[in-house]
Amino acid sequence: MDFTYPKFILFGDSLTQQAFNIKQHGFAAALADDYARKVDILNRGVSGYNSRWLLPLFHRLMEQISSDVLLFIIWVGTNDACLPGSPHHVPLDELKENLHEMVTTLRTNPKTSKTRVLLITPPPIYPDACVHPDVRRSPGVTADYALATLAVAEQFSEDKCVQCLDYHKAVTDSIGLTPMQNEAGYELPLGQLVGFYTDGLHLDWKGYDVLYLKLTSLILESWPEISPKNIPLTVPWWGDLVESLQQ
């Protein structure tokens, strides 16, 4: 009896690395529960990395990848959007090139030719609440990097295996932020961020809950074949096992 599971791979920075944090309702933990005995949820998040530093790791991962990856999530850009002068900063055009290279590699590699690829935009950030004030960030710049991610996904608009989840918009809508506030920069009462962020950048339970709900809705709408109800158990339910042993 085969005891290997198909896989979802989550690739990104600290927002992905922390996605198994149960206290923060990490979306990877929620997916692991939804897909128990059906899919392995592999977390390849690397805290502090930008797309430039992640790209070589992506190619190393592709060298080892198997043909049973159902979904590959790419969630980068938050660190790229740090302002010039920060070691994390990556120019906007380079981010777009790096994302395009990752998606193209996944879509042209024979092992991942059937893998669904999901880009996620960076969330809005709140510099005054960030724990690393020496790393300069701007809400408006981060919004531009979110738009850049959407633009890369648009280049693959005819490919049904490529989608983009606009998480930046999902969070701003949930908090009640207007587009004008987001583009111009804003001062939001910290009390309004409770539950969404742990520090103005990293996500807390409300933030991850928004992502999880948007992600599962996208899967149902765009790729229903990989929703939990449509993926069989890897090994039989125990009742079926007992019945088979009695025959």
Side-chain angles (χ1 to χ4, degrees), residues 1-22 24-47 49 51 53-78 98-121 149 152-153 156 159-165 167 203 208-209 211-237:
M1 180 186 298
D2 186 15
F3 198 36
T4 59
Y5 287 50
K7 302 172 182 65
F8 287 3
I9 296 180
L10 318 181
F11 185 73
D13 51 36
S14 58
L15 301 179
T16 297
Q17 180 177 312
Q18 295 179 15
F20 268 117
N21 188 308
I22 298 173
Q24 294 167 210
H25 291 201
F27 78 103
L31 290 176
D33 181 58
D34 288 346
Y35 289 89
R37 294 178 58 184
K38 296 183 176 185
V39 175
D40 276 338
I41 310 299
L42 303 184
N43 189 326
R44 296 297 180 267
V46 187
S47 177
Y49 274 54
S51 67
W53 299 338
L54 284 167
L55 189 60
L57 299 182
F58 169 82
H59 286 298
R60 283 169 55 186
L61 181 58
M62 289 300 297
E63 292 173 1
Q64 306 163 6
I65 206 163
S66 58
S67 59
D68 59 351
V69 179
L70 301 178
L71 175 64
F72 197 110
I73 295 177
I74 301 171
W75 191 10
V76 303
T78 300
N98 292 340
L99 288 174
H100 191 278
E101 182 174 337
M102 292 179 194
V103 176
T104 300
T105 300
L106 283 161
R107 298 302 298 130
T108 57
N109 188 311
K111 288 186 178 181
T112 55
S113 61
K114 296 181 180 179
T115 299
R116 298 142 194 88
V117 182
L118 178 65
L119 298 176
I120 301 179
T121 63
T149 304
V152 172
F156 299 88
D159 187 341
K160 294 183 179 180
C161 284
V162 180
Q163 296 286 339
C164 187
L165 193 165
Y167 182 59
L203 302 175
Y208 276 123
D209 279 356
L211 177 60
Y212 169 74
L213 292 173
K214 291 292 183 180
L215 173 56
T216 52
S217 294
L218 185 148
I219 289 174
L220 283 172
E221 181 177 343
S222 300
W223 302 313
E225 68 277 10
I226 62 167
S227 64
K229 68 178 182 179
N230 289 327
I231 297 180
L233 294 173
T234 303
V235 295
W237 174 61

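Scored by the ring pair (Phe, Tyr, Trp, His ring centres under 6.0 Å) test, Trp223 finds no partners at all (sequence neighbours excluded).
Between Asn230 and Pro224, the shortest heavy-atom distance links the atoms ND2-O, 2.7 Å. Minimum interatomic distance between Ala28 and Ile41 (heavy atoms only, all atoms of both residues): O-CG2, 4.1 Å.
Taking the side chain as every heavy atom from C-beta outward, Asn98 and Val76 never approach each other to under 4.5 Å. In this structure, Val39 and Leu31 have side chains that are not in contact, with every pair of non-hydrogen atoms separated by 4.5 Å or more. With a 4.5 Å cut-off on side-chain heavy atoms, Leu106 and Ile74 count as touching.
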Using distance only, find each side-chain donor-acceptor pair of residues 55-64 under 3.5 Å and give its atom names and separation, not counting sequence neighbours.
from: His59; atom 1: NE2; to: Glu101; atom 2: OE2; distance (Å): 2.7

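Between the NZ atom in Lys114 and the CG atom in Leu70 there is a gap of 11.5 Å [rounded to 0.5 Å]. Atom-to-atom distance recorded for Ile226:CD1 and Ile219:CD1 is 5.0 Å, nearest 0.5 angstrom. To the nearest 0.5 angstrom, Ile9 atom CD1 is 5.5 Å from Leu42 atom CG.
Between Asp40 and Lys7 no salt bridge is recorded (no basic side-chain N to carboxylate O distance below 4.0 Å).
Classification of the Phe11-Phe72 ring pair by plane angle, with boundaries at 30° and 60°, yields tilted. Using a 30° and 60° split on the angle between ring planes, His100 and Phe156 fall in the tilted class, from 30° to 60°.
Screening residues 223-237 for salt bridge (charged side-chain N to carboxylate O under 4.0 Å, His left out), with sequence neighbours left out, gives Arg116-Glu225.
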